[in-house]
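All remarks here apply to the structure that follows.
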Number of protein chains: 2
Amino acid sequence: MSAEPKKAASIWDVAKLAGVSHQTVSRVVNGSPRVAADTRDRVLAAIAELGYRPNRLARTLAGGAAQSLTVLTADTSLYGSEASLRGIEKAARAAGWSVSISVLDPAETHSDADIVARLPRAGEPTIVIAHDEPGMRARRTLLEAQPQAMVAVGEYTGKEFDEPWLIGLDDGQVAGEATRYLLELGHETVHHLAIPTALGIEADRKSHRAEGWADALRQADRPVPPVVHSGWTISEAFEAVKPLVADKSVSAILCGNDDLALAALRAAHLSGRDVPGDLSIVGFDNAPFAAYTTPALTTVNQDFENVGKGAFELLRHRLDSSLPKPTPTWRAPELIIRETSGPPPRR
Amino acid sequence: MSAEPKKAASIWDVAKLAGVSHQTVSRVVNGSPRVAADTRDRVLAAIAELGYRPNRLARTLAGGAAQSLTVLTADTSLYGSEASLRGIEKAARAAGWSVSISVLDPAETHSDADIVARLPRAGEPTIVIAHDEPGMRARRTLLEAQPQAMVAVGEYTGKEFDEPWLIGLDDGQVAGEATRYLLELGHETVHHLAIPTALGIEADRKSHRAEGWADALRQADRPVPPVVHSGWTISEAFEAVKPLVADKSVSAILCGNDDLALAALRAAHLSGRDVPGDLSIVGFDNAPFAAYTTPALTTVNQDFENVGKGAFELLRHRLDSSLPKPTPTWRAPELIIRETSGPPPRR
DNA sequence: AACTCTTTGAAACCCTTGATCATGGTCAAG
DNA sequence: CTTGACCATGATCAAGGGTTTCAAAGAGTT
């Protein structure tokens, strides 16, 4: 029967109970070496007795080391975003940090003020996870407003290749690998069902995936068919891919992610095309469901969770350069061959 | 060239520029009526000029109305959790709140201290989204520690039916509906592949889904086969469901969620059983992929996003009883019949 | 001239960190 | 036995960016 919402213990309460001054308590809590062992014990006992926990808000406000960050992310229902976020949260929690999230609406154009208003305070450490237009805008806004306290996860677009605030999977290479794999199976060419990119904004180059695909085709002297653009949702992808699948001359489709591949699979089924007999479909990201579709999806595994972890570590390093600069620990993207890919049909 | 990280403007800076005291600025920012129009204008001009934004940390610390909450959630890769979280975030952001997340590890038993340590401060408004054991523990911990500042989303377990801090979808009824639907198609009985529950903890009753299923069978005087228990992952579900699918006498399976149903679908395919010809499979939750599997999944739609919204509104109401108590605005769960269900095979 | 109301300012407080300085006490060197 | 160095701790104060309570100044009314 905890009747009244008894006020939480503060550092002063602990000090009083332990018979010390409040900042001796602070010293103990923050692990200062300048505290005698028995004093420390007394303080710790008082902390335990009162159930004292430092107030993270006050701590941050007082200028202690940052212990919270905000993640700006696109649609969390995307496997890639969700998994990266999960990795960030996990790493952050392990380090005693807390993480806030704010979701960028893919349909909206967020102004700079919009973006900044999402942060709980100026200078809030922030990670942007986004591959689409709103994400690109957000990261530019933050780069302008607080370059030292931000990290972005996502595609790089040429110029920023070496930027110290960017963590990017180089999925262009695997896209090429997947394309070559399909060519080697005997396909004349490979079509590409593409996720939305931020091309409208940063027009230097195509998405890595699309570029790796096109490069591989060119290197093999194959025709590069026009990219079929899709939205992020499965239903959009379904509509976009229908005509492609209906075209009997199309024998292989590389999809921008597994949701798109699932739509292609469904469309193929409805068009009466056998996968992989008539049509090969390759996905991207290796979402959890990919191994359990029928037939099981050939796709590219991406180690998003460790990328998230890397992003967190990079952020810490940027906030406090005495911390080690993280070295990439995520696995390189890898083609996983399952059942949706095979040789083209014999004519 | 923003060379130096120019310090963000504070309320004092605004006050100085506008030639007023700092808490006149506070009044303007918080919309107090007791400010002369021209003073207000001057302050607003200063705010605009300096690009001032209130620091949410400081505001909360000073005891202003809460504007942030923490969501404790189980595995975010579960569609239900993810969608509820999305709903909360959306509603919160619309109200100017920020949301932190902390993920409960399904494999770990979190102590009370563990749970409390995740909150940035004592009394932090919190929403628990969890249907499994760690979630149940977390919600009990919080209920003990700060009953007024918490809301839970999830299954209710009997006693708490009317608890004012709980938002629960009554999915027992639809589970029954789905079961009756299968029986009416002519199935002898319906098997159940169940998601993990917190039965070990709150043993009063089974999960709603399982109970609704069993009730429906009993009411129809049908045998109630033993529940097949699965873990949360698709691969666990796959292993768990294999024997069930291999049993030719099984003609209909109601699955605890769509991931499980996907596993069942895959297992059926590998066992050479035609769905829905030989075997009907019904899922739960209507995850995005459900409409695009082959065959498309018959499942139960759940309006998680609006449940999340409701949770946020309930939390606000509990923090400030002058705010209206929200009335449920989410759609009731609804059976969506697609392609994985049909009459049983003729013997 | 007394009184009320509106507008504004002053000060205290929220909780914690950090910096500065002072105070005793211990210990080793002279 | 001094003297000086060093250590643990306390005492203060400022800062961080707000909110809230209370009081005062100014204006208008009767």
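Please read all numbers here as calculations on a predicted model, not as lab measurements. Protein chains get the first letters and strands the later ones, always in sequence-line order, with residue 1 at the start of each.
We find that CH2 of A:W12 is positioned 11 Å from C1' of D:dC13, with the value rounded to whole Å. In this entry the distance linking CZ of B:R59 with C1' of D:dG17 reads 10 Å, nearest Å. Straight-line distance from the CZ atom of B:R53 to the P atom of D:dG16: 21 Å, rounded to whole Å. Spacing between atom CD1 of A:I11 and atom P of C:dC13 amounts to 18 Å, rounded to whole angstrom units. One interatomic measurement links the two molecules: CG of B:L61 to C1' of D:dG17, which rounds to 9 Å at whole-angstrom precision. Here C:dC15 presents its P atom at 10 Å from OH of A:Y52, a figure rounded to the nearest Å. Straight-line distance from the CG atom of A:D13 to the P atom of C:dC15: 8 Å, rounded to whole Å. In this structure, the CD atom of B:Q67 is 12 Å from the P atom of D:dG18, given to the nearest Å.
Residues A:E133 and A:R137 are not paired through a salt bridge, judged by the lack of any N-O separation under 4.0 Å between the basic side chain and the carboxylate. Ion pairing between a basic and an acidic side chain is recognised when a charged N comes within 4.0 Å of a carboxylate O; B:R121 and B:E124 show such pairing. Between B:R86 and B:E82 a salt bridge is recorded (basic side-chain N to carboxylate O distance below 4.0 Å).
Applying side-chain contact (heavy atoms from CB on, under 4.5 Å) to A:T60 and the options B:N55, B:L61, B:L57 leaves one that passes, B:L57.
Base contact: B:R34 has a heavy atom under 4.0 Å from a base atom. B:T39 comes within 4.0 angstrom of sugar-phosphate atoms only, judged by non-hydrogen atoms across all strands, and of no base. Contacts of B:R40 with the nucleic acid, taken as non-hydrogen atoms under 4.0 Å apart, are absent. Within the nucleic acid shown, A:G19 comes within 4.0 Å of sugar-phosphate atoms alone, with no base atom in reach, counting heavy atoms only. Nucleic acid contact class of B:V35 (heavy atoms, under 4.0 Å, all strands): sugar-phosphate only. Nucleic acid contact for B:R56: none, since no nucleic acid atom lies under 4.0 Å from a heavy atom of the residue. Counting any heavy atom pair closer than 4.0 Å across all strands shown, B:V29 reaches no nucleic acid atom.
An OP1 or OP2 oxygen of C:dT17 is reached within less than 4.0 angstrom by a side-chain nitrogen or oxygen of A:N30. One finds a side-chain N or O of B:S26 lying less than 4.0 angstrom from the OP1 or OP2 phosphate oxygen of D:dT19. Close to D:dG10, at under 4.0 Å from its OP1 or OP2, lies a side-chain N or O of A:T24.
Between the side chain of B:H22 and the base of D:dT19 there is at least one donor-acceptor pair of N/O atoms closer than 3.5 Å. A donor-acceptor contact under 3.5 angstrom links the side-chain atoms of B:R27 to the base of C:dG9.
Between A:W12 and A:H22, the angle of the ring planes stays under 30°, which puts this pair in the parallel group of the 30/60° scheme.
Donor-acceptor pairing under 3.5 Å is recorded for the side chains of B:S322 and B:D320.
The residue among B:R42 and A:Q23 whose nearest nucleotide of DNA chain C is located toward the 5' end is B:R42.
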